[in-house]
2 protein chains.
Amino acid sequence: MAPPVAPVRQDWMREHNLSLTLSAVLDASEPVSRAQVAARTGLSRAAVTNLVDRLVEAGLVRELAPVALQRGRPSVPLVPVARTVAALGLEVNVDYLGVRAVDLTGEVIAEQVLHADLRGSEPAVVAARLGRVAGEVRARAVALGARIAGSTLALPGLLDSSSVLRTAPNLGWRDLDAIGLLPAELVGGAVGFTVANEADLAARAEIRARRPDDGKPSFFYVSGEIGIGGARVLGGALSAGSHGWAGEVGHVVVGSSPTSLTRLEDVAGQRALMRNAQLPEGAPFSDLVEAVTQGAPPAVAAVRQAGRALGIALAAVAHISDIDEAVLGGTFAALFDTVAGPVEAALAELVVFSDWVPVAVTRARAGDYAAMTGAALTVIDRLVARPSVWPTAS
Amino acid sequence: MAPPVAPVRQDWMREHNLSLTLSAVLDASEPVSRAQVAARTGLSRAAVTNLVDRLVEAGLVRELAPVALQRGRPSVPLVPVARTVAALGLEVNVDYLGVRAVDLTGEVIAEQVLHADLRGSEPAVVAARLGRVAGEVRARAVALGARIAGSTLALPGLLDSSSVLRTAPNLGWRDLDAIGLLPAELVGGAVGFTVANEADLAARAEIRARRPDDGKPSFFYVSGEIGIGGARVLGGALSAGSHGWAGEVGHVVVGSSPTSLTRLEDVAGQRALMRNAQLPEGAPFSDLVEAVTQGAPPAVAAVRQAGRALGIALAAVAHISDIDEAVLGGTFAALFDTVAGPVEAALAELVVFSDWVPVAVTRARAGDYAAMTGAALTVIDRLVARPSVWPTAS
DNA sequence: ATGGATAAATTCACGGCGTAGATTAAATGC
DNA sequence: GCATTTAATCTACGCCGTGAATTTATCCAT
């Protein structure tokens, strides 16, 4: 479904229209008939009949019993088939690892998360544990009758285009072949195995969390964890840079003293927040949330200061990338009520176009382990882009 | 040639492959044969024969006399037809307005520039002057045998998606219908009339200026004028934001005093540069270039300070948009030898991924009035994307 | 000079695709 | 019970790129 700088043949055209048809069934909030699919996609009814038949045969779309809503021949409602496709989303982060299996409808059909402090861990050991968890989740999905479409791994670091993890500072990993993190049997599947940045994938989950609103959202997603990452979503799609390193907003300069520059993470990273809130080192993040909820002055001041810095960094994002909306995820979602005000104030003060289009600040709607969900969703995306790769037999 | 989220029919496929074929002829540094086009595009020779014949008939491609380079039947070299298509690039800027006509090969076939101080000018008056200049350039192009393909207007300000100029601070214009700036007879043409930001269009000219290097360049272009704008180029294509307001790097925060924030323009805008260099208000910019060339200490210090600030802002761009290369245009191209060092130093110091992919700093290669050229080139782009709109008759 | 080798360009039969319009299927409403 | 209405399907058609065969025009060895 991507724009090819390559010759287009009839089979590409077929694949494109098949993808378009499948998307129409998936994106609809209620079951749709063939006639509705034709109207929404712009394809002729004849073409839709043909395309839907193929999707049904492939087991990606299912027909419900005909319903007569108006007079005339009753329509046959079409729905994405549930629990037949399993897309695996894997994640290794600083304090946990886990795997989530999602089906074509986007529902979680199996998952398992292991909490552990993985700072400075040995990649091979982590790979083995991840492999066990993935095997288990995979087995559960298969027991439900699903076949594996593929998998995507979320990592908290910079990945280059050849799936090498350049650096994951909080894990202490450098220059690691990320493909090698998984056992070979999981690298297969109709749409294969990929690796991506945690913030990018969390943003993908956020796109889906807004689905009921429909439309193609554009926003900048901020992932506040130990470090601060982010991702730009434009028209419902992630827009990464040439190496996939876009959105590293934590390193943006937000101020200076006479002798040094201040970066966002120096003020709003999780460690800086805890320190400025005068909480003991090593205390859990939930202590900060509680302190802020109870109105403890140093905690509130620290969070508001972080909000101002985040607003300054997001103003840079707005000027450089032209955004409508900033979505606060991770720690900033938990602290939203306190942090959002200063962020909004800074944006209104600094962004030149805020008179015409103010930058909205909203709380992330994707649930826990957003990157894991997003990883699985990108597997679905790859399948939807090329429906014909899905093997038609049982 | 854009990726349609719409049904694809055979006529779209045809248009796409026609566009691909035309691009192959245009992008080649030397004349290419049909066989070479087939090899480069991936199309079959049969298809290329058919497609090229249509392009020849449309007057977009011309056959040269056959040449025998190896043994075998001699090949027929194909070249873009010169001086038959005229693409008009128009520009209104702070101290000049002008129009440039470019043909399919990208050569300038006619142009006219009027220097004038347009700060606080009346839009209707400027529109009339621009209309006269455009009429003249148009007439000259037509006299050479060219037909007008369309036109694009470059403006130094924020434009929204419906071609409304929201604000052009240095012209003093606000909320103006930019389409209305042109006389009706110029709004036509096979690919119509559009408006875009001056920095975006200058970046488009920069893409072409690199053509001999081939490949699809990715860089961030900085347009240093009275204000400082910029544009992101990814894989040989401009990537604007949701409103087309991306790249407004002049408003990025680069430091702070205890009481206020410093934006890039406060340090590196043309006025700030002149003031910090201790040159009299109203002196021409060339005085600064001369002072720097002669090594006048306050001028050099001002420019180096601006370079540091620019480096900090470009580090933000690198983190947010993931770039390989920063291209310095406008005032920064004129001051390149002095400004580039501090920019590079700041990038090397601040950009987290500079260990793997250092951000290169280069001087813009597009010539004078880059935005005007770029504006004309986007007209060519629109024609190349839909070659069938070009009327085949004389 | 001449015929084979070689490569470019063209021709043609073919299969695949979406469309438009006709047709069939299955309900409602008077 | 029959016309109406809407969904879904069927059929003829035109267009597209492919691949193999063919034609064209040169080089090269004899």
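Computed over heavy atoms, backbone and side chain alike; hydrogens, waters and symmetry mates excluded.
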Once you round it to whole Å, what is the distance between [atom2] of [N] and [atom1] of [X]?
X       : N      : atom1 : atom2 : result
A/Leu18 : C/dG16 : CG    : P     : 16 Å
A/Arg14 : C/dG16 : CZ    : C1'   : 8 Å
A/Asn50 : D/dT11 : CG    : P     : 14 Å
B/Trp12 : C/dT19 : CH2   : P     : 15 Å
A/Glu15 : C/dG16 : CD    : C1'   : 14 Å
A/Asp11 : C/dG15 : CG    : C1'   : 12 Å
B/Leu51 : D/dC15 : CG    : C1'   : 13 Å
B/Arg45 : D/dA21 : CZ    : C1'   : 11 Å

Does B/Asp381 come within less than 4.0 Å of B/Arg204, counting only side-chain N to carboxylate O?
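Yes, B/Asp381 and B/Arg204 are salt-bridged.
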
Test: A/Arg211 and A/Glu206 ion pair at under 4.0 Å:
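So A/Arg211 does not pair with A/Glu206 through a salt bridge.
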
Quick check for you: among [options], whose closest atom lies nearest to any side-chain atom of [X]?
X       : options                : answer
A/Ala47 : D/dA8, D/dT26, C/dT19  : C/dT19
A/Ala46 : D/dC16, C/dT19, D/dA25 : C/dT19
B/Arg54 : C/dA9, D/dC16, D/dA8   : D/dC16
B/Arg9  : C/dG18, D/dA8, C/dT6   : C/dG18
B/Thr49 : D/dA7, C/dA9, D/dC27   : C/dA9
B/Leu43 : C/dA22, D/dT26, D/dT18 : D/dT18
A/Met13 : C/dG18, C/dA9, D/dG17  : C/dG18

Within the structure shown, what part of the strands sits under 4.0 Å from [X] by heavy-atom distance: base, sugar-phosphate, or nothing?
X       : answer
A/Asn17 : sugar-phosphate
B/Val48 : nothing
A/Arg34 : sugar-phosphate

DNA chain D: 5'-proximal contact among A/Asp53 and A/Arg71 (nearest heavy atom)
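In this pair, the answer is A/Arg71.
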
Could you grab the distance from atom OH of B/Tyr221 to atom CZ of B/Arg232, nearest 0.5 Å is fine?
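Going from OH on B/Tyr221 over to CZ on B/Arg232, the span is 16.0 Å.
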
Closest approach of B/Leu60 and B/Pro387, non-hydrogen atoms and distance?
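So the minimum-distance heavy-atom pair works out to CD1-O, 4.0 Å.
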
Contact under 4.0 Å: A/Ser44 side-chain N or O vs C/dT19 OP1/OP2:
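Yes, within the criterion.
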
Hey, which of these two, B/Ser75 or A/Gln70, hits DNA chain C nearer its 5' end, going by closest nucleotide?
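Here B/Ser75 is the residue nearer the 5' end.
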
Do A/Arg73 and C/dA26 have a side chain to base donor-acceptor pair shorter than 3.5 Å?
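For A/Arg73, whose side chain was compared with the base of C/dA26, there is no donor-acceptor pair (under 3.5 Å).
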
Between the base of D/dC15 and the side chain of B/Gln10, is there a donor and acceptor pair under 3.5 angstrom?
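Such a pair exists between side chain and base.
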
Return yes if some donor-acceptor pair links the side-chain N/O of B/Thr84 with the main-chain N/O of B/Val81 below 3.5 Å, else return no.
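No, because the side chain of B/Thr84 does not come within donor-acceptor range (under 3.5 Å) of the backbone of B/Val81.
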
If you count the non-hydrogen atoms of other residues, nucleotides and ligands that lie under 6.0 Å from CZ in A/Arg208, is the total more than 12?
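Result for CZ/A/Arg208: enclosed.
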
